[in-house]
2 protein chains.
Amino acid sequence: MNEKPDVNTKDALLSAAMEVFADKGFDAATVRDICGRANANVAAVNYHFGGKDALYGAVLEEIFPKEEHLTVEPDTSRSPEEHLHDYLTAMSSEIYDRGNGMVTQRWAIFLREMAKPSHNLDFIVQRQVQPRASELRAILAKILGPDVPDHILAFSSSNIWSLMLDHLLTQPILDRLKPKRPMVQGNMEGFVKHIFTFSLGGLNAVKESTKG
Amino acid sequence: MNEKPDVNTKDALLSAAMEVFADKGFDAATVRDICGRANANVAAVNYHFGGKDALYGAVLEEIFPKEEHLTVEPDTSRSPEEHLHDYLTAMSSEIYDRGNGMVTQRWAIFLREMAKPSHNLDFIVQRQVQPRASELRAILAKILGPDVPDHILAFSSSNIWSLMLDHLLTQPILDRLKPKRPMVQGNMEGFVKHIFTFSLGGLNAVKESTKG
DNA sequence: GAGAAATTCAAACAACTGTTTGAATGCAAT
DNA sequence: ATTGCATTCAAACAGTTGTTTGAATTTCTC
């Protein structure tokens, strides 16, 4: 019956929950921790959201907003290769941008759900992955041409997706490897330049191999 | 299914723990669940291992055995490219072999630790990743030649590593995407052939780009 | 300002966690 | 048979979890 015009404990709870869920994961996060950070009583979560699960749902709704717009606006004056470069630039800078708290939390939660899928993964895929994946697939279809089989297109699409996510997943590993591996942060341009070159080389090789 | 040929409850506990830890992860796994599957008393874990943490440590020790041998025996008669192909074949068939329970559990636990690193990740990296990563790095160094900078070599190494792990991580995502993405299981040859072509094309492109 | 509704709060709840306890049991050597 | 040790077991422990309760307090409405 009543929208909240004033910022109050409900918003504070949501904000704190985003922090904790991203940091600890759903299971390890405790409502007491969340309420503590929000300066709220333990019962506040159940009063305002109905429970821990519902709160997590509200966080997902907040952190994976509906987005109609494409990652990269289609520009007919640019080649598919340039289009791919724009796409890689946009996606990488979002994935590895540690400046925006909510975006960081988004990918942290995404990673957690990938490693241990819950029923919420359907929602996340629909909101976060599906549009971006379709966009990439369209770009690759142009680069690879009409003769490439569907499963090759799917494999390639998955490959490039994993090249972008690479350091998001493997940073904890890379940090423990010798010799020391470089981080993406602070070298974004170099990273994008590299995966663009690598991807394009891979795509062309795949395209060639399907001609024979 | 409840017949216990195991005269040793300690072994039964270890075996059950491998199952549960791989399936649920450390936090969500309960000693009661483990003891139940092992037909053992709840106190058995503490008696035989000293606690849940120590049991997890024992599981890691069992599931990530010391391996001195290389993934692919070096064969001077083969080119670096063929060497890479052998490496990709060996690694992929291990990662995606759902036949061997322990190997499946190994990668499940590895994935969990990657998404939510604990202090045990150091051990896992040292046992599981470091030797394989060094091996791959050596192969790539030969393919890319001596002129390629270190950070490019590191990036490329990480790239190919992530291409192999790709479907292990993203299968839950791919299952929820439209159009349906192909699985690796049942198409191992096609998968390896693809990532080999893609990788080699990417590597050559990277090598070319460093010449200018 | 009175009354009603919405919100906060301390406290308790019930279920679950890993762990401990101390008695009962099994078993091999004497 | 008895001793001594290793193992099992039911029960309880102490702590944490999400959730509920019912009274106190604030906020809003008239």
Side-chain angles (χ1 to χ4, degrees), chain A residues 1-63 109 112-113 116 118-120, chain B residues 2-63 109 112-113 116 118-120 123:
Chain A
M1 311 296 123
N2 33 17
E3 268 309 284
K4 337 257 4 149
D6 48 337
V7 281
N8 45 4
T9 60
K10 184 168 181 177
D11 292 337
L13 280 174
L14 199 61
S15 176
M18 283 166 52
E19 271 186 42
V20 179
F21 282 138
D23 200 43
K24 311 273 186 69
F26 178 80
D27 290 327
T30 71
V31 306
R32 278 173 176 81
D33 185 6
I34 293 171
C35 291
R37 298 199 200 196
N39 284 2
N41 187 270
V42 209
V45 162
N46 291 275
Y47 178 76
H48 286 286
F49 294 93
K52 186 186 179 184
D53 293 82
L55 174 59
Y56 188 61
V59 165
L60 295 184
E61 194 80 40
E62 179 82 9
I63 221 166
I109 289 180
R112 287 251 151 74
E113 286 284 342
K116 191 179 179 181
S118 79
H119 73 98
N120 294 292
Chain B
N2 278 349
E3 261 321 298
K4 308 295 322 178
D6 303 294
V7 281
N8 198 346
T9 56
K10 185 169 181 177
D11 292 340
L13 281 174
L14 200 61
S15 175
M18 284 166 51
E19 269 187 42
V20 179
F21 282 137
D23 200 43
K24 311 273 184 71
F26 178 80
D27 290 327
T30 70
V31 306
R32 280 174 175 81
D33 186 6
I34 293 170
C35 291
R37 299 199 198 194
N39 283 8
N41 188 269
V42 209
V45 162
N46 289 278
Y47 178 76
H48 286 286
F49 294 93
K52 187 187 178 184
D53 291 83
L55 174 59
Y56 188 60
V59 165
L60 294 184
E61 195 79 41
E62 181 81 9
I63 222 166
I109 289 180
R112 287 252 149 75
E113 286 284 341
K116 190 177 180 181
S118 79
H119 72 98
N120 294 292
F123 174 83

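Because only heavy atoms are used, hydrogens play no part in the values below, and waters and symmetry mates are left out as well, while side chains stay in. Every chain is numbered from 1, with letters handed out A, B, ... down the list of sequences.
Residue B:Lys10 is the one, among B:Val42 and B:Lys10, whose nearest nucleotide of DNA chain D lies closer to the 5' end (criterion: closest heavy atom).
B:Arg32 places its CZ atom 18 Å from the P atom of D:dT8, with the value rounded to the nearest Å. Separating the NZ atom of A:Lys52 from the P atom of C:dA15 is a distance of 18 Å, rounded to the nearest angstrom. One atom, CG of A:Asp33, and another, C1' of D:dG18, lie 14 Å apart when rounded to the nearest Å. One interatomic measurement links the two molecules: CG of A:Leu13 to P of D:dG18, which rounds to 13 Å at whole-angstrom precision. Across the protein-nucleic acid pair, A:Asn39 atom CG and C:dA10 atom P stand 12 Å apart, rounded to whole Å. Between the P atom of C:dG18 and the CZ atom of B:Phe21 lies a distance of 9 Å, rounded to the nearest Å. Here the P atom of nucleotide D:dT7 and the CG atom of B:Asn8 are 9 Å apart, to the nearest Å. The nearest whole Å value for the distance from the CG atom in A:Leu55 to the P atom in D:dT17 is 15 Å.
Within the 4.5 Å cutoff, the side chain of A:Ile34 has heavy atoms near those of the A:Leu55 side chain. When side chains are defined from C-beta on, A:Ile109 does not count as touching A:Met18, because their heavy atoms never get closer than 4.5 Å. With contacts defined as side-chain heavy-atom distances shorter than 4.5 Å, the pair A:Lys24/A:Asp33 qualifies.
For the pair B:Lys52 and B:Phe21, the cation-pi test (distance below 6.0 Å, angle within 45°) is failed.
Of all nucleotides listed (D:dG18, D:dT8, C:dT7), D:dT8 comes nearest to the side chain of B:Tyr47. Closest to the A:Asn46 side chain, of the nucleotides C:dT8, D:dT17, D:dT20, is D:dT20. The side chain of A:Ala43 has D:dT21 as its nearest neighbour among D:dT21, C:dT17, C:dT8.
In terms of phosphate contacts, A:Asn41 brings a side-chain nitrogen or oxygen within less than 4.0 Å of OP1 or OP2 of C:dA10. Phosphate proximity of C:dA6 to A:His48: absent, as no side-chain N or O sits under 4.0 Å from OP1 or OP2. Of the side-chain N and O atoms in A:Thr9, one or more sit less than 4.0 angstrom from OP1 or OP2 of C:dT8.
Considering every non-hydrogen atom in both A:Asn41 and A:Cys35, the closest pair reads O-SG, 3.2 Å.
Within 4.0 Å of B:Ala29, counting heavy atoms only, lie sugar-phosphate atoms of the nucleic acid but no base atom.
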